[in-house]
Amino acid sequence: MKKDKKATAGILSLVLWAVLLTVIARLLTYRGGWDFSGILFKVLLWVMQCIAIFFCWWIFAGLRLNRFIKRLNEAGYTYLETHGVDVYLREIDICCEMPGAKNAVISGIPARDYVMILKIRTLREAGREEDARALLETAKQKMKGEKVLLLLRDEEEKLEKHQ
């Protein structure tokens, strides 16, 4: 929740700066008789363009993340209905190949790591402990981060209980 407030405050500040710079540029060109070749006007215009480009990128990245999450949720729902483990694992692999999934973060965990943990959990719950252990060992070598390591340790403990 705290990150959401910071992100909202950051976006709001960018919008306010863009508005302020636009007003200043308009006033300077209107009252001072500045021409459009003035250096201040060019700098202000450049800053406003950078802010606009950032907003376009931010919206585009949000849409990509939204599509990724939606498809991942649909795969999970289908898995709950059908209990088709292999179909579910293929579908979440496809989700990881979607544009934007490489840089996506879910609950502070990179999306690909999150999906790997889902795979391990799904295999464990389906009774395929050997496959889950193999995937867990691979994941331990590749993944970093406190949250990820805690989740991997939790899955490892649950696999040990099933032995």
- Query: How far apart are the C-alpha atoms of Val85 and Tyr79, what are their side-chain angles, what is the distance that settles it, and do they pass the side chain to side chain contact (heavy atoms under 4.5 Å, CB included) test?
  - Reply: CA-CA 7 Å; Val85 174; Tyr79 172 68; 3.9 Å; yes

- Note on the structure: One should read off an interatomic distance between Leu135 CG and Leu123 CG, to the nearest 0.5 angstrom, of 6.5 Å

- Query: Out of curiosity, Leu63 CG to Ile59 CD1, how far, rounded to the nearest 0.5 Å?
  - Reply: 7.5 Å

- Item | Test log, rule side chain to side chain contact (heavy atoms under 4.5 Å, CB included), inputs Tyr88 and Thr82 | CA-CA 9 Å; Tyr88 176 62; Thr82 64; over 6 Å; no

- Item | Trace of the side chain to side chain contact (heavy atoms under 4.5 Å, CB included) decision for Lys142 with Thr138 | CA-CA 7 Å; Lys142 292 181 180 179; Thr138 304; 3.8 Å; yes

- Closest approach of Lys147 and Ser107, non-hydrogen atoms and distance? NZ-O, 3.0 Å

- Aromatic ring pairing Phe54/Trp57, orientation class (parallel under 30°, perpendicular over 60°, tilted between): tilted

- Decide side chain to side chain contact (heavy atoms under 4.5 Å, CB included) for Leu151 and Ile109; before the verdict, give the C-alpha distance in whole Å, the side-chain angles of both, and the deciding distance to 0.1 Å. CA-CA 10 Å; Leu151 291 171; Ile109 300 172; 3.4 Å; yes

- State plainly whether one hydrophobic cluster holds both Ile94 and Val115, where clusters connect Ile, Leu, Val, Met, Phe, Trp and Tyr through side-chain heavy atoms under 4.5 angstrom apart. no

- Message: Show me the pairs that pass side chain to side chain donor-acceptor pair (under 3.5 Å) and involve residues 90-100, at least two apart or across chains.
- Response: Arg71-Glu91, Asp93-Lys119

- Query: Which atom names give the shortest non-hydrogen contact between Cys96 and Phe68, and what distance separates them?
  - Reply: N-CE1, 4.2 Å

- Message: Using every non-hydrogen atom in the two residues, find where Ala139 and Met116 come nearest and quote the distance to one decimal.
- Response: CB-CG, 3.8 Å

- Query: Going by heavy atoms in the side chains, are Asp113 and Pro110 under 4.5 Å from each other?
  - Reply: yes

- Message: In this structure, would Trp58 and Ile51 fall into the same cluster of hydrophobic residues linked by side-chain contacts under 4.5 Å?
- Response: yes

- Flag if over 12 foreign heavy atoms under 6.0 Å of OH, Tyr114: no

- Message: How about CD on Glu81, more than 12 heavy atoms from neighbouring residues, nucleotides or ligands closer than 6.0 Å, or not?
- Response: yes

- Task: Looking only at non-hydrogen atoms, find the nearest pair between Ile120 and Leu136 and report the distance.
- Result: CD1-CA, 3.7 Å

- With sequence neighbours left out, the residues meeting salt bridge (Lys or Arg N to Asp or Glu O under 4.0 Å) with Glu155 are Arg121, Arg124

- Query: Taking all atoms of both residues into account, what is the closest heavy-atom pair of Asp86 and Arg128, and its distance?
  - Reply: OD1-NH1, 2.9 Å

- Task: Heavy atoms only: give me the nearest Cys95-Leu72 pair and the separation to one decimal.
- Result: SG-N, 3.7 Å

- Distance, nearest 0.5 Å, that separates OG1 of Thr122 from CD1 of Ile117: 11.5 Å

- Query: Is it true that Glu137 and Lys140 have a side-chain N and a carboxylate O under 4.0 angstrom from each other?
  - Reply: yes

